[in-house]
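Just so it is clear, the structure is predicted and the values come from calculations on it, not from any experiment.
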Amino acid sequence: QSARPPGRLRSRRKPLSSTLRFYAYIRRFSNSTCVAKQCRFWPTETTTTVFIVTTSRISILDQRVRTCSMCSLCDTRSNAVVGSGPHNASVLLLGEAPGANEDRTGLPFQGLSGKILTEALSQANLDRLSVRISNVVRCRPPGNRPPTPAEMDSCKSHLIEEIEALSPKIIVTLGASPARALGILKQREPLSSVRGSVFDLSIDASTYRVLATVHPAYALRSRVKVLPVMVADLKRASDLSLGGN
Ligand code: URA
């Protein structure tokens, strides 16, 4: 038997056909789905492959958010911050509003709060890349001030659209603002009155489950141990996303 010359070993993997390469490209770069159909055209009777690309509702929403000018925060932002994570995630985490790091990158929870959130998710056996992470307000309020009720109202249509398009099994509110935005916490009530509780939220004909927990920034500021509380809540959210009670 003649041995193959070194360096000339070929991969056993078959090269992808151009159709499969096109699918892979669409899935990787556009978060859209693509199907191929063989179509026969009249009157020539030639058969051609036609690709039908469907853009997800979330991609369309993200595009709308990036160019939104519904409130004056658009004048001071560098980037509107769209949600991160899969477009079919069963867990949706909601923060309040972007800070400086998020404004720079256009992605939610990038700074120290983001590090704590990633750590809490991993301790709860949830992969950050498998959950959707978003905010009630999509543009940074100048100087990191809390968003005003009017700014929250302007952004509400994006929030409702994201919830309806994603249809998550569980929504986790991080801190008081998102709990107030979804109406599970009254204006003057403290977060402690709802933290750890699960609520039903009705939007049109659908009902979604909402679990309130603390904001990761609170774990930074607070002297009491907040991370274990957050991890316990995220574990519960993970169970609920799998159909538990
Ligand atoms: N805090 C939030 O509420 N959202 C972010 O995206 C970052 C920090």
Side-chain angles (χ1 to χ4, degrees), residues 30-31 55-87 89 91-118 128 131-168 171-191 194 201 203-204 208 210 212-221:
S30 71
N31 243 320
T55 305
S56 77
R57 226 172 124 178
I58 299 249
S59 299
I60 296 168
L61 166 69
D62 287 350
Q63 198 44 40
R64 203 177 308 140
V65 168
R66 285 191 188 101
T67 54
C68 178
S69 58
M70 288 200 292
C71 79
S72 59
L73 291 182
C74 71
D75 297 330
T76 48
R77 75 177 177 219
S78 304
N79 288 294
V81 175
V82 298
S84 67
H87 295 187
V91 179
L92 170 63
L93 304 181
L94 281 180
E96 181 184 65
N101 292 303
E102 293 76 23
D103 180 64
R104 192 168 35 78
T105 56
L107 291 167
F109 284 97
Q110 295 298 295
L112 262 182
S113 303
K115 282 210 176 101
I116 292 175
L117 182 60
T118 309
R128 177 169 173 149
V131 298
R132 181 103 185 142
I133 305 177
S134 203
N135 281 302
V136 170
V137 170
R138 313 295 169 122
C139 299
R140 181 191 183 205
N144 290 354
R145 62 161 171 77
T148 64
E151 287 158 356
M152 292 224 206
D153 257 14
S154 297
C155 243
K156 191 133 188 197
S157 61
H158 299 320
L159 179 59
I160 301 295
E161 173 63 8
E162 187 156 29
I163 293 172
E164 289 188 330
L166 193 67
S167 195
I171 301 169
V172 183
T173 53
L174 306 169
S177 286
R180 293 204 175 104
L182 294 184
I184 62 171
L185 180 65
K186 296 210 185 83
Q187 255 336 300
R188 290 186 194 286
E189 266 179 350
L191 180 68
V194 292
L201 168 75
I203 301 177
D204 290 335
Y208 305 90
V210 183
T213 191
V214 291
H215 193 280
Y218 182 54
L220 271 176
R221 290 192 304 261

ask   = Do any N or O atoms from the side chain of Thr118 and from the backbone of Gly114 form a donor-acceptor pair under 3.5 angstrom?
value = yes

task = Could you tell me whether the side chain of Glu164 reaches within less than 4.5 Å of the side chain of Asp204, counting heavy atoms only?
result = yes

task = Give a yes or no on whether the backbone of Ile163 and the side-chain of Ser167 come within a donor-acceptor separation of less than 3.5 Å.
result = no

request  = Evaluate the side-chain proximity of Glu189 to Leu185: yes if any heavy-atom separation is below 4.5 Å, no if none is.
outcome  = yes

task = Over all heavy atoms of both residues, which pair between Cys68 and Cys74 is shortest? Give the atoms and the distance, please.
result = O-CB, 3.5 Å

inquiry  = Pair Leu112, Asn101 - check side chain to side chain contact (heavy atoms under 4.5 Å, CB included), show working.
reply    = CA-CA 9 Å; Leu112 262 182; Asn101 292 303; over 6 Å; no

Nearest heavy-atom neighbours spanning Ser157 and Ser154 = OG-O, 4.1 Å

key: Leu93/Arg132 under side chain to side chain contact (heavy atoms under 4.5 Å, CB included): CA gap, chis, key distance, verdict   = CA-CA 6 Å; Leu93 304 181; Arg132 181 103 185 142; over 6 Å; no

request  = Could you tell me the separation between the CZ atom of Arg140 and the CG atom of Asn79, rounded to the nearest 0.5 Å?
outcome  = 12.0 Å

query = When Leu159 is tested against each of Leu182, Ile171, Leu92, Asn135 for side chain to side chain contact (heavy atoms under 4.5 Å, CB included), which residue passes?
reply = Leu182

task = Taking the side chain as every heavy atom from C-beta outward, state whether Arg66 and Arg138 have any atom pair closer than 4.5 Å.
result = no

inquiry  = Within this structure, what is the CZ-CZ distance for the pair Arg128 and Phe109, rounded to the nearest 0.5 Å?
reply    = 8.0 Å

ask   = Would you call Arg180 and Asp153 a salt bridge, taking side-chain N to carboxylate O under 4.0 Å as the test?
value = no

task = Provide the closest heavy-atom pair for Pro178 versus Leu94 in the form atom of the first, atom of the second, distance.
result = CG-O, 3.3 Å

ask   = Which value, rounded to the nearest 0.5 Å, describes the distance between Glu151 atom CD and Met70 atom CE?
value = 12.5 Å

ask   = Would you say the side chain of Pro216 lies within less than 4.5 Å of the side chain of Leu174, judging by non-hydrogen atoms?
value = yes

ask   = Roughly how far apart are Ser84 OG and Ile133 CD1, rounded to 0.5 Å?
value = 4.5 Å

message = For a quick test of reading the model, state the closest non-hydrogen atom pair linking Asp103 to Pro98 and the distance between them.
response = N-CB, 4.5 Å

task = Flag the pair Gln110 / Glu102 as yes when at least one side-chain heavy-atom distance between them is below 4.5 Å, and no otherwise.
result = yes

remark   = In short, Ala80 meets Val65 closest at the heavy-atom pair CB-O, 3.4 Å

request  = Check the pair Met152 / Ser177 against side chain to side chain contact (heavy atoms under 4.5 Å, CB included), numbers first and verdict last.
outcome  = CA-CA 9 Å; Met152 292 224 206; Ser177 286; 3.8 Å; yes

message = Could you check whether any side-chain heavy atom of Leu191 comes within less than 4.5 Å of a side-chain heavy atom of Tyr218, counting everything from C-beta outward?
response = no

query = Do Ile184 and Leu201 touch side chain to side chain, with heavy atoms closer than 4.5 Å?
reply = no

task = Give, for atom SG of Cys155 and atom CD1 of Ile160, the distance between the pair rounded to the nearest 0.5 Å.
result = 11.5 Å

request  = For residues Glu96 and Val137, determine if any side-chain heavy atom of one lies less than 4.5 Å from a side-chain heavy atom of the other.
outcome  = no

query = Between Lys156 and Glu161, is there a side-chain N and carboxylate O pair less than 4.0 Å apart?
reply = no

message = Nearest 0.5 angstrom please: Arg221 CZ to Ser113 OG, how far?
response = 8.0 Å

key: Crowding at OH, Tyr208 (>12 non-hydrogen neighbours, <6.0 Å)   = yes

